[in-house]
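First up is the structure itself, then whatever we jot down about it.
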Amino acid sequence: ELASIVKSDKKPWQGNYLVVDVRDSDWRGGNIKGSHNLPSLKFQSGVDKLISRTKDVPMVIFHCKYSQERYIFFSESASIFDLIDICDSGPVAAARYDAKRSLQEAEEYKNQQVYVLQEGFNMFAAKFKNDPLLVENWDENAVIW
């Protein structure tokens, strides 16, 4: 469970794990402690940098508000990476990250695991919003449920 990982002595970005939050403006109402916010609207332009920065991170966990697929669009002229328009979707962001990462064919990525937080930040916050070891920057007034 993610809560036990975040509370453990493992450190995000330091070769242990990373939680990637793809929420947009609703991120400011609170986040999983130590998570990295790469908003869905900037994900496509930022995914290559994220892949490069996480090459030594064995576990990358994506989430959005609900961690459900939404807003899938297809275009005749789209490349494989443009087939899915990311809009507040942890699963789609994880799939795009994993697909682009696998093209790198570097040894660093062979053992990396990519996950999606089940039920997203909405459920995580409902359970743990009062635990400062798990949720930081919590602002009940800024959260739009």
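Positions are given from 1 along the sequence. As the structure is a computational prediction, the values presented were derived from the model and not from experiment.
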### Message
Please evaluate residues K100 and D48 with respect to the criterion salt bridge (charged side-chain N to carboxylate O under 4.0 Å, His left out), reporting the C-alpha separation (whole Å), side-chain torsions for both, the decisive distance (0.1 Å), and the verdict.
### Response
CA-CA 8 Å; K100 286 193 118 180; D48 290 325; 3.4 Å; yes
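Among L18, V19, T54, the single residue meeting the side-chain contact (heavy atoms from CB on, under 4.5 Å) criterion with H36 is L18.
Residues satisfying the side chain to side chain contact (heavy atoms under 4.5 Å, CB included) criterion with V116, sequence neighbours excluded, are S67, P91, A94. The ring-ring contact (aromatic ring centres under 6.0 Å, His included) search around Y17 returns none, not counting sequence neighbours. Taking the side chain to side chain contact (heavy atoms under 4.5 Å, CB included) definition, one finds that K11 meets it with Q14, N16, sequence neighbours left out. When the side chain to side chain donor-acceptor pair (under 3.5 Å) test is applied to K7, the partners found at least two apart in sequence or on another chain are D131. Shown here are the side chain to side chain donor-acceptor pair (under 3.5 Å) partners of N137, two or more places apart in sequence or in another chain: N31.
The shortest distance between side-chain heavy atoms of V22 and H63 does not fall below 4.5 Å. At least one side-chain heavy atom of Q112 sits less than 4.5 Å from a side-chain heavy atom of R101. Contact annotation: the side chain of I5 approaches that of M59 to within less than 4.5 Å [non-hydrogen atoms, C-beta and beyond]. When side chains are defined from C-beta on, I32 does not count as touching D21, because their heavy atoms never get closer than 4.5 Å. Side chains of V20 and V60 form a contact here, defined as non-hydrogen atoms less than 4.5 Å apart. In this structure, L50 and L38 have side chains that are in contact, with non-hydrogen atoms separated by less than 4.5 Å.
The CG atom of L134 lies 11.5 Å from the OG atom of S35; values are rounded to the nearest 0.5 Å. If you take OG on S40 and NZ on K65, they are separated by 12.5 Å, rounding to the nearest 0.5 Å. The distance from atom CG of N122 to atom CZ of R23, rounded to the nearest 0.5 Å, is 9.0 Å. Atom CD1 of residue I51 and atom OH of residue Y97 lie 6.0 Å apart, to the nearest 0.5 angstrom.
Y115 has its ring centre no less than 6.0 Å from the ring centre of F62.
Panel note: side chain D26, backbone D24; a donor-acceptor pair is recorded below 3.5 Å.
Within a 6.0 Å radius of CD in E136, other residues, nucleotides and ligands contribute more than 12 heavy atoms.
Under the 6.0 Å distance and 45° angle rule, R96 does not count as a cation-pi partner of F43.
W27 and Y66 sit in two unconnected hydrophobic clusters of ILVMFWY residues. Membership requires side-chain heavy atoms under 4.5 Å apart, directly or through other members.
Under the 3.5 Å distance criterion, with hydrogens and angles disregarded, a donor-acceptor pair is assigned to the side chains of W138 and E140.
The salt bridge (Lys or Arg N to Asp or Glu O under 4.0 Å) pairs that include a residue from residues 115-124 number zero, where partners must be two or more places apart or lie in different chains.
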